[in-house]
There are 2 protein chains.
Amino acid sequence: MDELDSALVQLLQRDARQTNRELARQLGIAPSTCLERVRSLERRGVIRGYHAEIDTAALNRGVQAFVAVQIRPLSRTVIDSFTEFVAGLPQVVSAFVVAGGDDFLIHVAVQDLDHLHAFLVDRLSRRREIISYRSSVIYQQAHNTVLAALDEP
Amino acid sequence: MDELDSALVQLLQRDARQTNRELARQLGIAPSTCLERVRSLERRGVIRGYHAEIDTAALNRGVQAFVAVQIRPLSRTVIDSFTEFVAGLPQVVSAFVVAGGDDFLIHVAVQDLDHLHAFLVDRLSRRREIISYRSSVIYQQAHNTVLAALDEP
DNA sequence: ATTGAAATCCACTTGTA
DNA sequence: TACAAGTGGATTTCAAT
């Protein structure tokens with residue numbers, strides 16, 4: 001991860017569909033060199049994939065929320081099976097196992113408030129390991145699509 | 001948004017760097033048709049961008065957390081200025097304005113626990129509008145990179 | 001590791017239906 | 001709106017450094 005790699009990573013976070021020539025031009029290197037760099041980043045797992053960002057409204061997901069969940073017992077078996085269950089639900093954008101008061105934080109995106117309610121009641125609350133949950137509707141969000149590498153110290 | 005658009009959106013969420021020819025082949029349409037479809041999706045704002053997904057470890061961000069924040073007064077001015085402040089911090093991945101007990105949910109990614117502590121103490125707690133905050137370190141996470149369009153009803 | 005050149009492949013436009 | 005064909009440009013390979 002030298003400064004050339006960092007620059008590539010930054011450019012590809014901003015626009016993953018830039019041509020290799022364009023990337024090379026911005027870095028001041030030959031296209032063949034650039035291509036080899038990108039391949040290396042992919043091979044080393046630094047670049048995990050390239051994804052289109054889609055407008056949630058176009059996906060008919062007008063309502064988003066976070067659901068904080070507590071489960072018991074907090075064993076690996078229960079955590080893993082609950083993670084698998086949650087990750088398989090089409091309403092779920094992402095799920096986080098967290099420390100602190102809550103055990104899970106689930107980001108969901110659904111059609112409307114009715115469907116959020118249905119999700120909570122029909123999907124989540126059916127699970128016996130859940131001892132409590134609390135949902136927070138999202139009003140606004142800001143996303144940082146380009147993350148820089150932080151300094152070592 | 002017919003079924004061709006949905007299929008394209010799905011394919012580009014999975015791999016945004018596929019060639020237009022490859023996309024066309026998978027859909028069974030002509031490359032020129034496919035190209036026009038993608039352009040249309042971009043023009044209509046359905047596709048908001050193409051981004052490389054980067055391994056957080058490679059960005060030297062070994063620790064991630066959610067910080068739930070309460071601010072007062074909860075006026076638009078305060079919300080907007082706090083959003084702008086938070087979105088500008090390099091440690092912040094995303095920020096959500098939410099309903100419920102908390103007002104903000106901030107996803108941060110930093111080098112280590114020391115830097116998380118420094119972020120909370122040196123960056124966040126300086127802001128006078130914050131009346132309380134609570135952070136939850138993330139142990140595991142699962143991300144759904146391909147989101148389908150949900151049914152109308 | 002980086003490059004330039006050659007060959008293959010693709011994006012993009014045009015013309016047609 | 002969809003397609004086929006053509007051209008200019010891009011990707012990719014490879015030999016050399």
Side-chain angles (χ1 to χ4, degrees), chain A residues 1-61 145-153, chain B residues 1-62 145-152:
Chain A
M1 278 300 275
D2 57 11
E3 64 290 333
L4 224 52
D5 284 340
S6 292
L8 261 178
V9 156
Q10 199 155 340
L11 289 172
L12 285 170
Q13 281 184 97
R14 203 180 306 282
D15 179 7
R17 270 183 89 81
Q18 288 176 88
T19 66
N20 182 59
R21 285 182 87 91
E22 181 61 23
L23 291 171
R25 196 192 55 76
Q26 290 172 80
L27 297 185
I29 58 178
S32 47
T33 308
C34 189
L35 191 62
E36 177 48 36
R37 286 287 190 142
V38 173
R39 293 267 165 83
S40 169
L41 288 167
E42 289 170 353
R43 251 186 282 114
R44 283 145 53 200
V46 173
I47 296 176
R48 298 171 66 92
Y50 305 97
H51 309 289
E53 182 192 352
I54 307 299
D55 180 41
T56 49
L59 295 175
N60 196 26
R61 295 169 185 262
T145 50
V146 182
L147 283 186
L150 295 181
D151 300 329
E152 278 304 329
Chain B
M1 278 301 273
D2 57 10
E3 65 290 332
L4 223 52
D5 284 339
S6 292
L8 261 177
V9 157
Q10 199 156 340
L11 289 172
L12 285 170
Q13 279 183 278
R14 203 180 307 283
D15 179 7
R17 269 184 89 81
Q18 290 176 87
T19 65
N20 181 60
R21 288 179 88 90
E22 180 61 23
L23 291 171
R25 195 192 56 76
Q26 289 172 80
L27 297 184
I29 59 177
S32 48
T33 307
C34 189
L35 193 61
E36 177 47 37
R37 286 288 190 142
V38 173
R39 292 276 157 80
S40 169
L41 288 167
E42 289 170 353
R43 251 185 283 113
R44 283 146 52 199
V46 173
I47 296 176
R48 298 172 66 93
Y50 306 97
H51 309 289
E53 182 192 353
I54 307 300
D55 180 41
T56 50
L59 295 175
N60 196 28
R61 296 170 184 261
T145 49
V146 183
L147 284 186
L150 294 180
D151 299 330
E152 277 304 327

Taking every non-hydrogen atom, the tightest pair across A:Met1 and A:Arg44: N-NH2, 3.5 Å
What does A:Thr19 touch in the nucleic acid at a heavy-atom separation under 4.0 angstrom: a base, only the sugar-phosphate, or nothing? sugar-phosphate
Of B:Ile29 and A:Arg21, whose nearest nucleotide on DNA chain D comes first from the 5' end? B:Ile29
Rounded to whole Å, how long is the line connecting atom CD of B:Gln18 with atom P of D:dA10? 21 Å
Option among B:Gln13, B:Arg17, B:Glu53 that satisfies the side chain to side chain donor-acceptor pair (under 3.5 Å) test with A:His51: B:Glu53
Of all heavy-atom pairs between A:Pro31 and A:Asn20, which one has the smallest distance, and what is that distance? O-ND2, 2.9 Å
Along DNA chain C (nearest heavy atom to each residue), the more 5'-positioned of A:Glu36 and A:Arg17: A:Glu36
C:dT2 C1' sits how many Å from A:Asp2 CG, rounded? 13 Å
Atom CD of A:Gln26 and atom P of D:dA10 are separated, to the nearest Å, by 13 Å
Do other residues, nucleotides or ligands put more than 12 heavy atoms under 6.0 Å from the CZ atom of A:Arg48? no
Ignoring hydrogens and angles, are the base of C:dA1 and the side chain of A:Thr33 linked by a donor-acceptor pair under 3.5 Å? no
Whole-Å distance, A:Asn20 CG to C:dT2 C1', equals 14 Å
Need one value for B:Arg39: base, sugar-phosphate or nothing, where a base atom within 4.0 Å counts as base even if backbone is also close, heavy atoms only. sugar-phosphate
Between D:dT12, C:dT13, C:dT3, which one does the side chain of B:Ser32 approach most closely? C:dT13
Would you mind reading off the distance between A:Leu35 atom CG and C:dC9 atom P, rounded to a whole angstrom? 15 Å
Round to the nearest Å and state the distance from B:Leu27 atom CG to D:dA2 atom P. 11 Å
Under 4.0 angstrom between B:Arg37 side-chain N/O and D:dT1 OP1 or OP2: no
For B:Glu42 and C:dC12, what is the distance between atoms CD and C1' respectively, to the nearest whole Å? 13 Å
I need the minimum non-hydrogen distance between B:Asp151 and A:Asn60, along with the two atoms involved. O-ND2, 2.9 Å
Interatomic distance where CG belongs to A:Leu23 and P belongs to D:dT12 [whole Å]: 12 Å
